[in-house]
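The next block holds one structure in the form of C-alpha cells; read it before the comments.
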Amino acid sequence: MKKIQMLDLGTQYLNIQTEIDNAIKRVIDSAQFIRGNEVESFEKELAEYLGVKNVIACGNGTDALQIALMSLDLDKGDEVICPSFSFISGAEVTGLLGLSPVFVDVDYDSFLTTKEHILKAITNKTKVIMPVHLFGQGVEMEEIIKIAKQYNLYIIEDNAQALGADYSFSNGEKKKLGTIGNIGCTSFFPSKNLGCYGDGGAVFTNDDNLAERIRLIANHGMKKKYSHERIGVNSRLDSLQAAILREKLKHLDEYIFARQQAAKYYTDNLSSCTGIVLPRQVWYCEHSYHQYTIKVLNNQRDALKDYLQQKDIPTAIYYPQALHKQQAFATIQSNKQAIEVSEQLCNQVLSLPMHTELCIEQLEYIVKSIKQFFEEQ
Ligand SMILES: *Cc1c(COP(=O)(O)O)cnc(C)c1O
C-alpha cells in the first residue's frame, strides 16, 4: 500500500502533469510573470464558476481578508465578529488594521458559528461579521444576512476552506459559498480545496463599487500608474500560479467529489465506533470536506493520534488553541461571552487524512486502525 499522507499533492500533480507543465511553459514562454492575461483569465473563469460578478486575485488568503476589511473604510476600534475556533487570519488582520476582533464561540456538532453566538456579541461598535466556513461547509448564511440587515453590518465570508461548496437557501435558490455576503475571500494555499503551487488568494463580490475599491487597494491604491488615490498594499497573484489554477479549476468539482467519497467511507465505517464523534453535515449546505475532523472523547485524542502515527497514519490537530486564548490577543478585552465549546474542541479534535487521492485500501487501513485502538482499550 502506498504511504498514507495527510494530503498527497505529488500524486495529484502526476494525474494532471501534462496540463500543468504546459501551463507553466506557456507563462515562461510569454515572459509575462506579473499580471497579464493568465491572471485576468483566471479571475474571469473563477467568477464564472462561482457565479459572482467580480473576482480580484491577490497574494494569499490573509491578504484577501485584509484588503476586504480595508475596502469598507472602517474606523479605529470598530468591532469585527470572528469565531474563536478557526485559523488566525481574519482576527489577525482585524487587529493589524486597528479594529477590534470580538471572538465568538461555535457549535459543537458543526464547528460553525451560529446566529445565537453572533447576536450575543453585537454592540454599537460592531461593523462586520466575519463567518468562517470551516472544514468545508458553510455557516448558515440566511440567518447571518438577517442579522446583518437588522443591525446594518457588513458580512465578509472567510471561504478559504470551502471553495466550490453549494449553499441552498430555503426558497430553493443555490449559491456558491463565498458569494453570499458583501465580500468573500479565499486562499489558494497548496493544501486548500483549490490550491496552487505557492501562495495565492482572491476576493469576490457582487458589488461593483466595492470591487473597484478592492482592486485599487490590492495594487498600491492606484488606478492609473504612479497616481495613488489611497494607501493600499502590494498583493498580487503571480502569473505562474494563475496558469496552474486555471488548469486545476477545471478539476475542482471532481476534487470535491473525491473528498466527499473519502468522507462517506469514513462516516459509513466509523459510525459504530463509540469513543469518537463524527463530523455532522449541516442540512443547508454541501460539505466539501476540506478536513474530515472527528472528536475523540474521554481525553483519548492524543493517545489515538500517537497510536495512528505508530501505524504510519498521519493525523492533524486543527486547531490546538482557540484564538481568544492566544497570546497575540491577550490585550483584547472585548470578549464578554464564554467561549467554552471552542476550548473543548481544541482538546478533542483530530483531522484524518483527507485529499483527492485516497484509495480504498488506505481508507480501509485507517478505519481498521482506529477501531483497533478502541478495541485494545
Ligand atoms: C488558510 C486559511 C486562511 C489564510 O490563507 P493564506 O493563503 O494562508 O493566507 C484564512 N482563513 C482560513 C480559515 C484558512 O484556512
Side-chain angles (χ1 to χ4, degrees), residues 6-7 9 42 46 55-70 80-97 101 103-104 106 110-113 128-139 141 144 155-165 177-178 181 183-204 218 233-238 240-242 244-245 248 256 259 279 285 287-293 316-324 326 328-329 342 345-346 349 351 354-355:
M6 261 320 268
L7 74 160
L9 295 173
F42 172 64
L46 184 60
V55 168
I56 301 102
C58 66
N60 57 67
T62 307
D63 277 3
L65 291 161
Q66 179 181 334
I67 294 163
L69 277 173
M70 287 172 78
V80 178
I81 296 178
C82 313
S84 188
F85 187 70
S86 180
F87 187 60
I88 192 171
S89 295
E92 181 179 35
V93 296
T94 298
L96 183 71
L97 294 173
F103 292 112
V104 295
V106 297
S110 68
F111 307 106
L112 300 169
T113 302
V128 181
I129 307 171
M130 198 185 265
V132 179
H133 302 316
L134 203 73
F135 298 155
Q137 67 180 347
V139 168
M141 291 304 292
I144 309 293
I155 302 171
I156 299 177
E157 293 171 77
D158 180 344
N159 196 30
Q161 299 191 6
L163 193 72
L177 281 178
I183 306 178
C185 295
T186 202
S187 163
F188 306 120
F189 187 79
S191 66
K192 308 288 181 181
N193 286 9
L194 178 63
C196 60
Y197 291 0
D199 273 312
V203 186
F204 344 117
V233 296
N234 172 22
S235 185
R236 47 199 176 208
L237 184 71
D238 68 61
L240 277 168
Q241 300 305 341
I244 290 164
L245 285 164
K248 288 189 71 176
I256 291 172
R259 289 173 179 276
C285 181
H287 202 321
S288 59
Y289 286 102
H290 176 60
Q291 299 295 340
Y292 190 92
T293 302
I317 297 173
Y318 305 119
Y319 294 91
Q321 193 170 29
L323 295 177
H324 70 284
Q326 299 281 354
F329 297 118
S342 296
L345 287 172
C346 290
V349 286
S351 296
M354 174 49 75
H355 53 78

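Remember, it's 1-based here, ligands and their atoms both numbered in the order they're listed.
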Aromatic plane relationship, Phe42 with Phe188 - under 30° parallel, 30 to 60° tilted, over 60° perpendicular: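 Perpendicular.
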For [X], take its heavy atoms, then give the atoms of ligand 1 lying under 4.0 Å from any of them.
{"X": "Gly61", "answer": "5 (O), 6 (P), 7 (O), 9 (O)"}
{"X": "Ser89", "answer": "3 (C), 4 (C), 10 (C)"}
{"X": "Val132", "answer": "13 (C)"}
{"X": "Ala160", "answer": "2 (C), 3 (C), 10 (C), 11 (N), 12 (C), 14 (C), 15 (O)"}

Asn60 contact mode with ligand 1 (heavy-atom cut-off under 4.0 Å): both
For ligand 1, the portion of Thr62 having any non-hydrogen atom under 4.0 Å away: both
Whether the side chain of [X] engages the backbone of [Y] through a donor-acceptor N/O pair (distance < 3.5 Å, no angle test) should be reported.
{"X": "Lys248", "Y": "Gly195", "value": "yes"}
{"X": "Asn159", "Y": "Thr186", "value": "no"}
{"X": "Glu157", "Y": "Gly178", "value": "yes"}
{"X": "Arg236", "Y": "Ala57", "value": "no"}
{"X": "Asp158", "Y": "Ala160", "value": "yes"}
{"X": "His133", "Y": "Ala162", "value": "no"}

Report yes if [X] has an N/O atom closer than 3.5 Å to an N/O atom of ligand 1; otherwise report no.
{"X": "Leu65", "result": "no"}
{"X": "Asp199", "result": "no"}
{"X": "Ser86", "result": "no"}
{"X": "Ser187", "result": "yes"}
{"X": "Asp158", "result": "yes"}

Ser84 side chain to Ser342 side chain, donor-acceptor N/O pair below 3.5 angstrom: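 There is no such pair between these side chains.
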Lys192 heavy atom under 4.0 Å from ligand 1: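 Within the 4.0 Å threshold, so yes.
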